[in-house]
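Quick notes on the structure that follows.
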2 protein chains.
Amino acid sequence: MKYIEKLRNSGLRPTKQRLQICEVLFDAEKTFHFTINDLANKIKKQLNNKISLATIYNTVHAFEKKGYLKQIPINSNQTYFDTNISDHHHFYDLKEEKLIDLENSDVGPINILKKIEGKKIKSVEVLVKLED
Amino acid sequence: MKYIEKLRNSGLRPTKQRLQICEVLFDAEKTFHFTINDLANKIKKQLNNKISLATIYNTVHAFEKKGYLKQIPINSNQTYFDTNISDHHHFYDLKEEKLIDLENSDVGPINILKKIEGKKIKSVEVLVKLED
DNA sequence: ACACTTTTTTAGAATGGTTATAAACTAGAC
DNA sequence: GTCTAGTTTATAACCATTCTAAAAAAGTGT
């Protein structure tokens with residue numbers, strides 16, 4: 001299993017559940033956006049196997065903390081995650097309620113001129129809302 | 001009352017509650033960020049007067065729809081609103097969990113190169129996360 | 001001022017995503 | 001195998017938000 005090492009290196013025990021979640025998240029052809037609920041359904045269908053919701057929450061948060069997933073800043077009743085952890089941005093189609101990736105090169109350089117004493121910039125995220 | 005006209009022009013009846021909420025939101029010296037809970041407390045303290053939570057939710061959403069308030073896209077368990085409706089962005093201090101305004105001129109022009117067929121750009125919002 | 005209609009307010013219940021709990025289980029170390 | 005700390009699980013708890021239905025207020029016409 002190729003994820004055993006990855007988990008161990010992060011200080012996470014490679015349990016059956018975590019390895020299965022890794023498969024679903026990181027073996028996909030393309031990166032994707034998901035909510036916890038989306039992921040639970042995907043797991044059930046794809047692995048024909050139920051993992052407790054609590055475990056899915058725990059694991060997703062653990063992976064996010066380790067930098068294997070990113071949360072997408074958007075106002076919604078659910079939290080959206082992204083398996084694409086590269087520096088990039090998002091379109092949000094308000095009508096379809098769908099997220100679309102925007103490569104960094106689609107946005108051009110962003111230069112933050114204001115500085116805050118004693119603080120470093122951790123990330124710069126752009127959300128472009130779309131209407132018809 | 002200066003807000004009666006404003007409300008009427010928006011097709012909203014100028015009720016006592018809506019006028020009071022207008023006062024708290026729009027008579028402030030500076031624009032500010034708030035959650036519904038913040039606002040409820042501010043109303044209670046500032047006006048010495050309780051307005052039902054349901055009314056506050058209704059009113060804030062009505063004002064947002066009319067463009068008198070903006071939602072701030074950020075991942076939090078609560079929804080953040082902004083009385084500053086000008087085109088601008090935000091720092092988010094992860095440690096203090098505090099939002100700071102970023103004027104448009106602090107960010108420089110953002111040019112979205114990718115186009116989506118049949119969709120118009122409604123807004124471009126930048127969130128800059130800060131760490132120590 | 002009054003009657004009538006529509007909108008608004010309200011308290012409290014319901015909803016639903018997320019987190020906490022505590023008991024059963026598992027991985028890793030010796 | 002035994003032990004310990006970490007993990008999983010079902011379920012309960014939490015809490016921001018929305019719904020509900022009844023009372024109150026606003027607007028309109030008379």
Side-chain angles (χ1 to χ4, degrees), chain A residues 1 3-25 33-44 47 49-66 68-69 71-81 97 99, chain B residues 1 3-25 33-44 47 49-66 68-69 71-81 97 99:
Chain A
M1 276 297 228
Y3 297 114
I4 292 183
E5 194 68 8
K6 177 175 181 167
L7 289 172
R8 252 197 260 274
N9 290 340
S10 316
L12 298 169
R13 286 189 183 170
T15 63
K16 183 162 63 96
Q17 290 85 347
R18 284 176 179 158
L19 290 169
Q20 287 183 329
I21 292 174
C22 277
E23 267 184 63
V24 173
L25 291 177
H33 309 124
F34 65 94
T35 65
I36 295 289
N37 211 46
D38 292 342
L39 182 56
N41 290 331
K42 218 178 171 80
I43 288 166
K44 202 159 47 179
L47 303 175
N49 183 356
K50 186 175 167 294
I51 296 179
S52 161
L53 251 192
T55 300
I56 298 177
Y57 273 99
N58 287 339
T59 303
V60 166
H61 286 144
F63 285 3
E64 196 219 340
K65 193 175 278 177
K66 296 297 178 188
Y68 305 143
L69 291 172
Q71 249 189 277
I72 302 172
I74 188 179
N75 282 114
S76 168
N77 50 332
Q78 282 158 276
T79 304
Y80 278 83
F81 294 89
E97 297 190 354
L99 283 160
Chain B
M1 276 298 228
Y3 296 115
I4 292 182
E5 194 69 9
K6 178 175 179 168
L7 288 172
R8 250 196 260 277
N9 290 341
S10 315
L12 298 170
R13 287 186 181 173
T15 64
K16 182 163 64 97
Q17 290 84 348
R18 283 175 181 161
L19 291 169
Q20 289 184 327
I21 293 174
C22 278
E23 268 185 63
V24 173
L25 291 177
H33 310 124
F34 65 93
T35 65
I36 295 290
N37 211 46
D38 292 342
L39 182 56
N41 290 332
K42 218 178 171 77
I43 288 167
K44 204 159 43 181
L47 304 174
N49 184 356
K50 185 176 168 293
I51 297 178
S52 160
L53 251 192
T55 300
I56 299 178
Y57 273 99
N58 287 339
T59 303
V60 166
H61 286 143
F63 286 3
E64 196 220 341
K65 193 176 277 177
K66 296 298 178 185
Y68 305 143
L69 291 172
Q71 250 187 273
I72 302 173
I74 188 179
N75 282 114
S76 167
N77 51 332
Q78 280 159 280
T79 304
Y80 278 83
F81 294 90
E97 297 191 356
L99 283 160

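Naming: A, B, ... by sequence-line order, numbering from 1 per chain.
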Practice task
In whole angstrom, give the distance that lies between atom CG of Asn77(B) and atom P of dA20(C).
Solution key: 11 Å
Handout entry: Ile36(A) side, atom CD1; Asn41(A) side, atom CG - distance, nearest 0.5 Å
Key = 11.5 Å
Exercise for the section: Using a cut-off of strictly less than 4.0 Å, decide whether Gln17(A) has a side-chain nitrogen or oxygen near OP1 or OP2 of dT9(D). Expected result: yes
Exercise for the section: Quick one: pull up NZ in Lys6(B) and NZ in Lys66(B) and give me the separation to the nearest 0.5 Å. Expected result: 12.5 Å
Completion exercise
Result for 5'-nearest mapping on DNA chain D, choosing between Thr79(B) and Arg8(B), is Thr79(B)
Completion exercise
Leu19(A) atom CG is separated from dT26(C) atom P, nearest whole Å, by 15 Å
Practice task
Provide, to the nearest angstrom, the distance between the OH atom belonging to Tyr80(A) and the C1' atom belonging to dG17(C).
Solution key: 12 Å
Problem - Presence of donor-acceptor pair under 3.5 Å, side chain of Arg18(B) and base of dT8(C) - result: no
Exercise for the section: Considering just the side-chain nitrogens and oxygens of Tyr57(B), establish if one lies under 4.0 Å of OP1 or OP2 belonging to dT17(D). Expected result: yes
Exercise for the section: On DNA chain D, check which nucleotide each of Pro14(B) and Gln78(B) is closest to and give me the residue with the more 5' one. Expected result: Gln78(B)
Problem - Minimum side-chain heavy-atom gap Thr15(B)-Thr59(B) below 4.5 Å - result: no
Practice task
Return the value, rounded to whole Å, for the distance between atom CG of Asp38(A) and atom P of dG17(C).
Solution key: 11 Å
Handout entry: Spacing of Leu39(B) atom CG relative to dT17(D) atom C1', expressed in whole Å
Key = 15 Å
Problem - Distance in angstrom units between Asn58(B) CG and dT17(D) C1', rounded - result: 11 Å
Handout entry: Candidates dT10(C), dT17(D), dT6(C) - which lies nearest the side chain of Arg13(B)
Key = dT6(C)
Practice task
Side chain of Thr59(B) only, please: which of dT17(D), dT18(C), dT9(C) is the nearest?
Solution key: dT9(C)
Problem - Nucleotide of dA20(C), dT10(C), dT19(C) approaching His61(A) most closely (side-chain heavy atoms) - result: dT19(C)
Exercise for the section: Would you indicate, yes or no, if dA11(C) has its OP1 or OP2 atom less than 4.0 angstrom from a side-chain nitrogen or oxygen of Lys50(B)? Expected result: yes
Completion exercise
Ranking dT9(D), dT9(C), dG17(C) by distance to the side chain of Thr15(B), first place goes to dT9(C)
Exercise for the section: Select base, sugar-phosphate, or nothing to describe what Thr55(B) touches, counting heavy atoms under 4.0 Å on all strands. Expected result: base
Exercise for the section: Take the protein atom CD1 of Ile56(B) and the nucleotide atom C1' of dC19(D), then report the distance between them rounded to whole Å. Expected result: 17 Å
Handout entry: Aromatic plane relationship, Phe63(A) with Tyr68(A) - under 30° parallel, 30 to 60° tilted, over 60° perpendicular
Key = perpendicular
Handout entry: For the student: nearest non-hydrogen atoms of Val24(A) and Leu47(A), plus distance
Key = CG2-CD1, 3.8 Å
Problem - Separation of atom CD1 in Ile51(A) from atom P in dA10(D), rounded to whole Å - result: 11 Å
